[in-house]
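Here's the structure, in structure tokens; my notes come after.
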Amino acid sequence: MAAKGQQAHVHGERAQTGAGQPHERTRRRLSSEERREQLLCVGSRLFASNPYDDVWIEQVAEIAGVSRGLLYHYFPTKRDFFAAVVRRESERMLRLTQAVPGIPVREQIGTGLDTFLGYVESHAEGFRAFHRAEAAGDPTVRAVYREGLDNQERQILEALAAAPETAYADEELPALRLAVRGWLAFLVAVCLEWLERPEELSRDEVREVCARALLGAITP
């Protein structure tokens, strides 16, 4: 009787364990869009802190828990993957620095720059790699660069047009657009220099330099 009781007890434990295992093992299958986003998140972390040549597709696939073939299904080459990561981060930065109605332009410039410089500081390797590739004429990266530049320019011009203190007439737009585009190039150059010699200027000092340059470019 005791043996039968023990067998029943063991059988009961197995039944309970067996019933729990399928539930524990069940994982929702990611959609194509969710999988793509997962891969880009992994890429963003790796490119942020490692030189481009030190990031391997195999490493991305291993961290994401997918095969290398699946990653190549979404991104045919490592350069395509890198460009997609940069596009995603550029879009995120646009959302983070979007103008807020009712706040003075000078204050918004300072806040937006602080957000941008914080991002550059925490994604130094990725920022350098992207601009090296753009300067070298990589067509895939250059297309993403132009797209991001156009979006940044448009966002700044829209913010200026919406604020009473910086609103401009239609005939002033060509000159103002040129000034903003020139300032964006200046901003990149300053950030690259700052990353090379961070001990020379604090983030607050770099922000003030860039803010003064933009205000000087857009105000009479």
Minimal non-hydrogen separation, Val144 against Phe130, with atom names:
CG1-CE1, 4.3 Å

If you compare all heavy atoms of Ala84 against all heavy atoms of Arg36, which two are closest, and at what distance to 0.1 Å?
CB-NH2, 4.0 Å

Within-4.5 Å side-chain heavy-atom neighbours: Gln98 and Leu94:
no

Please check if Ile156 and Ile103 belong to a single hydrophobic cluster, counting links between Ile, Leu, Val, Met, Phe, Trp and Tyr side chain heavy atoms closer than 4.5 Å.
no

So, Glu196 and Arg128, do they make that salt bridge, N to O below 4.0 Å?
yes

Between Arg35 (side chain) and Val66 (backbone), is there a donor-acceptor pair under 3.5 Å?
no

Rounded to the nearest 0.5 Å, the CZ atom of Arg132 sits from the CG atom of Leu192 at a distance of 8.5 Å

Same cluster or not: Phe82 versus Leu70, using hydrophobic residues (I, L, V, M, F, W, Y) connected whenever any side-chain heavy atoms lie under 4.5 Å apart?
yes

CZ on Arg106 to OG1 on Thr166, rounded to 0.5 Å:
10.0 Å

Donor-acceptor check, side chain of Ser44 to backbone of Leu40, threshold 3.5 angstrom: yes or no?
no

Between Arg142 (side chain) and Glu134 (backbone), is there a donor-acceptor pair under 3.5 Å?
yes

Nearest heavy-atom neighbours spanning Ala64 and Val42:
CB-CG2, 4.3 Å

What about Leu173 and Leu160, same hydrophobic cluster or not, with Ile/Leu/Val/Met/Phe/Trp/Tyr joined at side-chain heavy-atom distances under 4.5 Å?
yes

Examine Arg79 relative to Tyr52 and say whether NZ or CZ is less than 6.0 Å from the centre of the six-membered ring and inside a 45° cone about the ring axis.
yes

Flag the pair Arg88 and Glu37 as a salt bridge only when some basic side-chain nitrogen lies within less than 4.0 angstrom of an acidic carboxylate oxygen.
yes

Asn50 side chain to Leu46 main-chain N or O, any donor-acceptor pair under 3.5 Å?
yes

Using residues 205-220 as the side-chain source, report each donor-acceptor pair under 3.5 Å to any protein atom, sequence neighbours left out, with the distance given to one decimal.
unit_1: Glu205; atom_1: OE1; unit_2: Ser202; atom_2: N; d: 2.8
unit_1: Glu205; atom_1: OE1; unit_2: Ser202; atom_2: OG; d: 3.4
unit_1: Arg207; atom_1: NH1; unit_2: Asp114; atom_2: OD1; d: 3.4
unit_1: Arg207; atom_1: NH1; unit_2: Asp204; atom_2: OD1; d: 3.2
unit_1: Thr219; atom_1: OG1; unit_2: Leu215; atom_2: O; d: 2.4

In one Ile/Leu/Val/Met/Phe/Trp/Tyr side-chain cluster, 4.5 Å: Val85, Leu96:
yes

Do Phe47 and Phe81 make a side-chain contact, defined as non-hydrogen atoms from C-beta onward lying under 4.5 Å apart?
yes

Check Ala159 against Val105 and note the closest heavy-atom contact, atom names and distance.
O-CG2, 4.4 Å

Could you tell me if the side chain of Thr77 sits less than 4.5 Å from the side chain of Tyr72, heavy atoms only?
no

Please report the interatomic distance CD(Glu121) to SG(Cys191), rounded to the nearest 0.5 Å.
10.0 Å

With ring centroids as reference points, do Tyr119 and His123 lie under 6.0 angstrom apart?
yes

Heavy-atom side-chain contact between Thr111 and Thr97 under 4.5 Å
no

Could you tell me whether a side-chain N or O of Gln155 sits under 3.5 Å from a main-chain N or O of Gln152, the two making a donor and an acceptor?
no

Establish whether Trp56 and Val86 are linked, either directly or via other cluster members, by ILVMFWY side-chain heavy-atom contacts under 4.5 Å.
no

Within the side chain of Gln108, is there an N or O that forms a donor-acceptor pair under 3.5 Å with the backbone of Val100?
yes

Distance, nearest 0.5 Å, that separates CD of Glu153 from CH2 of Trp183
12.0 Å

Could you walk me through whether Glu89 and Arg92 pass the salt bridge (charged side-chain N to carboxylate O under 4.0 Å, His left out) test, one step at a time?
CA-CA 5 Å; Glu89 294 300 296; Arg92 187 167 75 92; 3.1 Å; yes

Given side chains that start at C-beta, do those of Pro51 and Glu125 come closer than 4.5 Å, heavy atoms only?
yes

Nearest non-hydrogen partners of Ala167 and Ala161, listed with the distance
CB-O, 3.8 Å

CD1/Ile63 to CD/Glu58 distance, rounded to the nearest 0.5 angstrom?
12.0 Å

I'd like to know if Asp80 pairs up with Arg87 as an ion pair, taking the criterion as any Lys NZ or Arg NE/NH1/NH2 lying under 4.0 Å from an Asp or Glu carboxylate oxygen.
no

Residues, nucleotides or ligands: over 12 heavy atoms within 6.0 Å of Glu62 CD
no

From CZ (Arg203) to CG (Leu117), nearest 0.5 Å
7.0 Å

